Amino acid sequence: MKKILILGSTGSIGVNALDVIRKFPDRFKVVGLTVNSKIDALEKQIKEFQPEFVVVTDETKAKELKSNIAGLCKVFSGYNELLESVTQMDYDILVGAMVGFAGLAPTLEAIKRGKRIALANKETLVVAGEIVTKLVLEHSAQIIPVDSEHSAIYQCLIGENLNEVEKLILTASGGPFLNKDKSFFETATIDEALNHPNWKMGSKITIDSATMMNKGLEVIEAKWLFGLPVEKINIVIHPQSIIHSMVQFVDGSIKAQLGLPDMKLPIQYALTFPERLKNDFERTNLPAINNFTFFEPDFDKFECLKLAYNVIRTGGITPCILNAANEIAVDKFLKGKIKFSQIPCLIDKALNHIENHFEPDIETIFECDKITREFVLDAVV
Ligand code: NDP
Ligand code: MG
């Protein structure tokens, strides 16, 4: 029986993780759940999964929950108690399903305890990939990716030699604006940007998919997860989102992993690896899909993708600047304060304004995230 702590249990990945856990009651026991503020959804989860503790980052909401559930489980509150629970409570697997930079600090604490981390929070690897991968080795921790592309590559690499990999091929759906002209970005609405054709996800990653920043972040994530140079990481547009990614080997052979666009499969894999457990999830019906198409991404149209490749090549603290600027720009767009087309402009501005540091330590990364947020919050496009 594995004890599971889910960070971000009310989000899209968190809810899917609980859907998986519900199917295997003799394998997994939820010991902890954390959320930012959605206490109504959390209360239902507490009643069903009976965790030993929960953490609500919003302290007012934490108090409200405490009085609502009257001693059903321990309730911790605030970000510091979130970190303390990751550091001190008893669990085997951490599901990293918080969104954004806020997911970094708790992930580092779980790594220092040598835990298995089913990692969805790609921002952790984007901003601090080098530090994270060193710590994982030092503490014999284990990161199993939940991001569907990286789960696919992880699966394709089983039994293979990394030296025989010619390239990784990350597939991308292209998002809701794949067939729009760049001029459309001037008037794209929030609802249009949130209307992803294949995946139901949280709002931040859905906007990242519309700008294709998501795929840029995933290239950085792949670089650190698999230890390969960016020259060996390619992107191909595959609008059907059935092939989740591929690995091409030095003999020209390509291995792919396929499945429906449903995060339950990569979540289950990350929880049960190296085992595969039988489930009753819907199966892929290939004749019904009928055609698979592939084409090159358009770097001129999707400027965020170009910015992401630039920071990978520049290195240092620039991926952290890119990530923080993107988080604030996306938030501004979702609040109706800037146009869709202004997201890459704000990120570019931050990258030009904030000084780079090579080989940053963790304090420099936290400081850079803070400075960049302040800069972009104040910046006018
Ligand atoms: P959601 O926005 O749906 O959920 C985020 C979760 O984190 C919620 O439980 C939220 O709590 C909590 N949370 C948000 N901010 C904080 C904070 N500052 N402190 C503590 N808790 C916080 O996100 P997703 O599930 O879509 O994405 C989660 C991560 O997984 C992201 O990094 C994303 O890139 C990655 N990912 C997601 C995929 C998907 O299909 N959704 C696919 C691949 C990767 P509350 O509900 O109370 O606000
Ligand atoms: Mg993905």
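In each ligand, atom 1 is the first atom listed, and ligand 1 is the first ligand listed. As the structure is a prediction and not an experimental result, all values here were calculated from the model.
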Inset, instruction - Give the name of the N/O/S atom in Glu149 that lies closest to the Mg ion (ligand 2). - result: OE1
Inset, instruction - Report the part of Ile13 in contact with ligand 1, treating N, CA, C, O as backbone and CB onward as side chain, heavy atoms under 4.0 Å; options are side chain, backbone, both, neither. - result: both
Legend entry - Contact atoms of ligand 1, heavy-atom distance to Thr10 under 4.0 Å: 8 (C), 9 (O), 11 (O), 45 (P), 46 (O), 47 (O)
Inset, instruction - Report, as yes or no, whether the 6.0 Å neighbourhood of atom NZ on Lys61 holds more than 12 heavy atoms from other residues, nucleotides or ligands. - result: no
Inset, instruction - Taking atom NZ of Lys204 as the centre, report whether more than 12 heavy atoms of other residues, nucleotides or ligands fall under 6.0 Å from it. - result: yes
Inset, instruction - Below 4.0 angstrom from a heavy atom of Asn121, which ligand 1 atoms are there? Numbered from 1 as shown, please. - result: 32 (O)
Inset, instruction - State whether the number of non-hydrogen atoms from other residues, nucleotides or ligands found under 6.0 Å of Glu186 atom CD is greater than 12. - result: yes
Inset, instruction - Considering the heavy atoms of Ser9, write down every atom of ligand 1 situated less than 4.0 Å from one of them. - result: 9 (O)
Legend entry - Salt-bridge contact Glu48-Arg22 (side-chain N to carboxylate O under 4.0 Å): yes
Inset, instruction - May I ask you to list the atoms of ligand 1 that are less than 4.0 angstrom from any heavy atom of Ser37? - result: 45 (P), 47 (O)
Legend entry - Heavy atom of Gly14, distance to ligand 1 below 4.0 Å: no
Inset, instruction - For the pair Glu52 and Lys3, find out whether any cationic side-chain nitrogen is under 4.0 Å from an anionic carboxylate oxygen. - result: no
Legend entry - Closest to atom 11 (O) of ligand 1 among Val15, Asn36, Val55 (heavy-atom distance): Asn36
Legend entry - Glu303/Lys182 salt bridge by N-O under 4.0 Å criterion: yes
Legend entry - Shortest protein contact, atom 3 (O) of ligand 1 (heavy atom only): Ser12 N, 2.9 Å
Legend entry - Salt-bridge present (Asp369, Arg373; N to O < 4.0 Å): yes
Inset, instruction - Identify the protein heavy atom lying closest to atom 29 (C) of ligand 1, giving its residue, its atom name and the separation to 0.1 Å. - result: Met98 O, 3.3 Å
Legend entry - Nearest protein heavy atom with distance in Å, relative to atom 2 (O) of ligand 1: Gly202 CA, 4.0 Å
Legend entry - Residue, atom name and distance, where the atom is the protein heavy atom closest to atom 35 (C) of ligand 1: Ala120 O, 3.1 Å
Legend entry - atom 4 (O) of ligand 1 - nearest protein heavy atom and its distance: Gly11 CA, 3.1 Å
Legend entry - Within 6.0 Å of NE2 in His139, more than 12 heavy atoms from elsewhere: yes
Inset, instruction - Among all protein heavy atoms, pick out the one at the shortest distance from atom 43 (C) of ligand 1; state its residue, atom name and that distance to 0.1 Å. - result: Asp147 OD1, 3.1 Å
Legend entry - Salt bridge flag under 4.0 Å for residues Asp147 and Lys122: yes
Inset, instruction - Please write down residue, atom name and distance for the protein heavy atom closest to atom 20 (C) of ligand 1. - result: Thr57 OG1, 3.1 Å
Inset, instruction - Heavy-atom contacts with Ala102 under 4.0 Å: which atoms of ligand 1 show up? List them by number with element. - result: 18 (N)
Inset, instruction - Flag the pair Phe299 / Tyr309 as yes when their ring centroid distance falls below 6.0 Å, and as no otherwise. - result: yes
Inset, instruction - Measure from the Mg ion (ligand 2) to every N/O/S atom of Glu218 and report the name of the nearest one. - result: OE2
Inset, instruction - Would you mind checking which non-hydrogen protein atom is closest to atom 36 (N) of ligand 1, with the distance to 0.1 Å? - result: Ile205 CD1, 3.6 Å
Inset, instruction - Quick one: sort the Phe226 and Tyr154 rings into parallel, tilted or perpendicular, breaks at 30° and 60°. - result: tilted
Inset, instruction - Ignoring angles and geometry beyond distance, decide whether Gly8 reaches within less than 3.5 Å of ligand 1 through its nitrogen or oxygen atoms. - result: yes
Inset, instruction - Taking the Mg ion (ligand 2) as the reference point, name the nearest N/O/S atom of Asp147. - result: OD1
Legend entry - Member of Leu228, Val230, Asn234 meeting the side-chain contact (heavy atoms from CB on, under 4.5 Å) criterion with Lys232: Leu228
Inset, instruction - Show which atoms of ligand 1 fall inside a sub-4.0 Å distance from at least one heavy-atom site of Glu123. - result: 31 (C), 32 (O), 34 (O)
Inset, instruction - Could you tell me whether Lys215 and Asp208 make a salt bridge, using a distance below 4.0 angstrom between a side-chain N and a carboxylate O? - result: no
Legend entry - Ligand-side contact atoms (ligand 1) for residue partner Ala97, heavy atom cut-off under 4.0 Å: 5 (C), 6 (C), 7 (O), 28 (C)
Legend entry - N-O pairing of Glu138 and Lys112 below 4.0 Å: no
Inset, instruction - Measure the distances from the heavy atoms of Lys122 to every atom of ligand 1 and state whether one is below 4.0 angstrom. - result: yes
Inset, instruction - Please state which part of Met263 comes within less than 4.0 Å of ligand 1, counting heavy atoms only: side chain, backbone, both or neither. - result: side chain
